[in-house]
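Below is one structure, written out as structure tokens; the observations come after it.
Atoms within each ligand, like the ligands themselves, are counted from 1 in listed order. Position 1 is the first residue of the sequence, and the numbers go up from there.
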Amino acid sequence: MIAALAGGVGGARLSRGLAALLGDHLSVIVNTGDDFEHLGLPISPDLDTVTYTLAGRANPETGWGVAGDTWNFMAQLRDLGGPDWFLLGDRDLATHLLRREWLSRGDSLTQVTHRLAQRYGIASRILPMSDDIVRTRVQTKEGLLDFQDYFVRRRCDVVISDLQFDGASSARVPVAVAGAIAEAKAIVFCPSNPYVSIDPILAVGDMHAHLMAARAPRVAVSPIIGGAAVKGPAAKMMRELGHASSSLTVAEKYRGLLHGLVIDNADAPLAPAIEACGMAVLITDTLMRNAEDSERLAATVLRFAESLPIDG
Ligand code: GDP
Ligand code: CA
């Protein structure tokens, strides 16, 4: 068994490669700090991006939603004066409606996510980081914003000074997640945003302790290539939080937690400084343009993890 930690786009791109190699020997533990309720529906953006991607149904242009979706619901909603800042495609709606139905009858998010993944034909296990509610909030000079308010409505166009994960410390690590971590032969941190995808996972209850107790190498792929994020606000957040936008910042952030970090060829000169953070470095092409790239990088990451001695 291999366990991966993932947010949305970067998480899904590496998970797609891991899933192709490992099938039902993979558990992907996914951030739910971005989740929110909209029009009465429970929306889980990162769970859905991972699910649609592993199902081969993701929209490659947007990084969210279902490929080939249509927008009749949104058009009608707009006609009726409903909120149109958050887009829900016609096909995508079915996922949210079933999630609503199943949660309402008492199923856990873990059960709901598993059932959806099965119906989408996915062999790997997709696991929410918690069944309890955790909400990422962003401290800005205009006050505290809900994550989707910051990310979608404001398009990250406001300077941040801090992040918080409301509910995380009292949220419980699901049994399935604890089991996946304990059984893992390697734990892979996908190239997800460290601040708003990986940090919320690490903040859940005793998640950090579970990860540290695992007798398995912990390796990450940096989401930063040549000082820039491939997509999204990771580099901008680093700068606003007072760091260089660099894979070295990723290494410093994960110091003590990782045995190894995979960085891009473009960042090869950073290797000695990253090694000085107490982790091994592997340098390769980390840009995943398609499924073949994802699979090649996943295989490289797994070989790297296997090569690392773990203490204890
Ligand atoms: P989000 O929830 O959609 O923001 O998804 P993640 O946090 O999982 O992914 C966002 C991060 O993925 C960004 O910081 C990107 O730089 C990174 N990312 C996206 N595609 C790639 C890729 O092909 N290679 C690498 N190394 N990072 C990527
Ligand atoms: Ca996300």
Side-chain angles (χ1 to χ4, degrees), residues 4-18 28-36 43-54 58-65 86 126 128-129 134-138 146-152 155-156 163 165 188-202 219-241 243 245-247 249-251 253-254 261-267 270 281-298 300-301 304:
L5 310 189
V9 173
R13 284 186 182 164
L14 187 63
S15 296
R16 161 177 73 183
L18 291 166
V28 189
I29 300 161
V30 180
N31 171 44
T32 59
D34 302 2
D35 291 16
F36 73 122
I43 313 289
S44 293
D46 290 355
L47 283 172
D48 290 345
T49 294
V50 171
T51 301
Y52 292 149
T53 302
L54 296 199
N59 181 334
E61 273 95 58
T62 52
W64 52 267
F86 191 83
I126 301 176
M129 67 186 195
V134 177
R135 291 291 174 264
T136 297
R137 294 205 164 84
V138 186
D146 287 344
F147 182 76
Q148 296 300 339
D149 205 11
Y150 165 77
F151 194 75
V152 180
R155 296 173 205 283
C156 309
L163 293 148
F165 311 114
V188 178
F189 290 47
C190 291
S192 292
N193 185 314
Y195 302 104
V196 292
S197 293
I198 302 294
D199 268 356
I201 302 178
L202 299 178
V219 299
V221 177
S222 175
I224 302 294
I225 299 180
V230 179
K231 196 171 192 290
K236 179 178 179 288
M237 285 181 165
M238 280 181 182
R239 291 189 296 269
E240 291 173 0
L241 294 171
H243 309 288
S245 64
S246 156
S247 286
T249 299
V250 177
K253 187 154 178 49
Y254 293 143
L261 181 65
V262 179
I263 62 170
D264 195 79
N265 292 312
D267 297 316
L270 297 172
V281 177
L282 185 99
I283 303 166
T284 186
D285 181 5
T286 68
L287 185 63
M288 295 172 279
R289 303 162 203 86
N290 51 45
E292 292 70 48
D293 286 351
S294 293
E295 200 171 320
R296 184 199 51 78
L297 182 58
T300 304
V301 170
F304 178 49

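Atoms of ligand 1 lying under 4.0 Å from any heavy atom of K231, numbered from 1 in the order shown and given with element: 13 (C), 14 (O), 15 (C), 16 (O). The distance from ligand 1 to the heavy atoms of T286 drops below 4.0 Å at these ligand atoms: 22 (C), 23 (O), 24 (N), 25 (C), 26 (N). Interface of S197 with ligand 1, defined as ligand atoms under 4.0 Å from a residue heavy atom, comprises 2 (O), 6 (P), 7 (O). Atoms of ligand 1 lying under 4.0 Å from any heavy atom of A234, numbered from 1 in the order shown and given with element: 14 (O). Residue contact check: G11 has heavy atoms under 4.0 Å from atoms 8 (O) of ligand 1. Proximity to D46 (heavy-atom distance under 4.0 Å) selects the following atoms of ligand 1: 2 (O).
Heavy atoms only, all atoms of each residue included: Q148 and D34 are closest at NE2-O, 2.8 Å. Heavy atoms only, all atoms of each residue included: I283 and V281 are closest at CG1-CG1, 4.0 Å.
Distance alone, capped at 3.5 Å, places no donor-acceptor pair between the R13 side chain and the P191 backbone. Side chain of S192 to main chain of A6: no donor-acceptor pair is present (N/O by atom type, distance under 3.5 Å, no hydrogens or angles). Listed for the D267 side chain is no donor-acceptor partner under 3.5 Å among the backbone atoms of L270. Between the side chain of R135 and the backbone N or O of G33 there is no donor-acceptor pair closer than 3.5 Å. For the pair D264 (side chain) and A266 (backbone), a donor-acceptor distance under 3.5 Å is present.
Tested against S245 for a side chain to side chain donor-acceptor pair (under 3.5 Å), the candidates R239, K236, E240 yield a single pass: R239.
When the heavy-atom distances from atom 18 (N) of ligand 1 to V230, V9, L5, V196 are ranked, the shortest goes to V230. For atom 12 (O) of ligand 1, the candidate residues are P191, S222, S247, G7; the nearest heavy-atom contact is made by P191.
For ligand 1, the polar-atom distance check against A6 finds no nitrogen or oxygen pair separated by under 3.5 Å. On a distance-only criterion, P223 and ligand 1 share at least one N/O pair closer than 3.5 Å. Between G8 and ligand 1, at least one pair of N/O atoms sits closer than 3.5 Å. Every N/O-N/O distance between L287 and ligand 1 stays at or above 3.5 Å. At under 3.5 Å, a nitrogen or oxygen of G10, whether backbone or side chain, sits near a nitrogen or oxygen of ligand 1. For a threshold of 3.5 Å applied to N or O pairs, the pair formed by V221 and ligand 1 contains no separation below that value. Here's the thing with A229: none of its N/O atoms is less than 3.5 angstrom from an N/O atom of ligand 1.
Counting only heavy atoms from C-beta outward, the side chains of M288 and V230 never approach each other to under 4.5 Å. You'll find the side chain of D146 reaches within 4.5 Å of the side chain of R137, heavy atoms only. Under the 4.5 Å side-chain criterion, counting only non-hydrogen atoms from C-beta, D199 is not in contact with L163. Counting heavy atoms from C-beta outward, Y254 and P194 have side chains that approach closer than 4.5 Å.
Heavy atoms from both the backbone and the side chain of M288 come within less than 4.0 Å of ligand 1. Residue-level proximity to ligand 1 for R13 is carried by the side chain, the only part with a heavy atom below 4.0 angstrom. Under 4.0 angstrom from ligand 1, the non-hydrogen atoms of S192 come from both its backbone and its side chain.
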Quick one, S222 with S247, criterion side-chain hydrogen bond (donor to acceptor under 3.5 Å, both in side chains). Give me CA distance, side-chain angles, the key distance, then yes/no. CA-CA 6 Å; S222 175; S247 286; 2.7 Å; yes
Assess the residue pair V30 and M129 against the criterion (side chain to side chain contact (heavy atoms under 4.5 Å, CB included)); give the C-alpha distance rounded to whole Å, side-chain angles, the decisive distance to 0.1 Å, and a yes or no. CA-CA 5 Å; V30 180; M129 67 186 195; over 6 Å; no
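Using a 4.0 angstrom heavy-atom cutoff, T49 does not count as in contact with ligand 1.
Excluding waters, the protein N/O/S atoms found under 3.0 Å from the Ca ion (ligand 2) are D34 OD2, D46 OD1, D46 OD2.
Aromatic ring pairs are classed by plane angle as parallel below 30°, tilted from 30° to 60° and perpendicular above 60°; the pair F151 and F147 is parallel.
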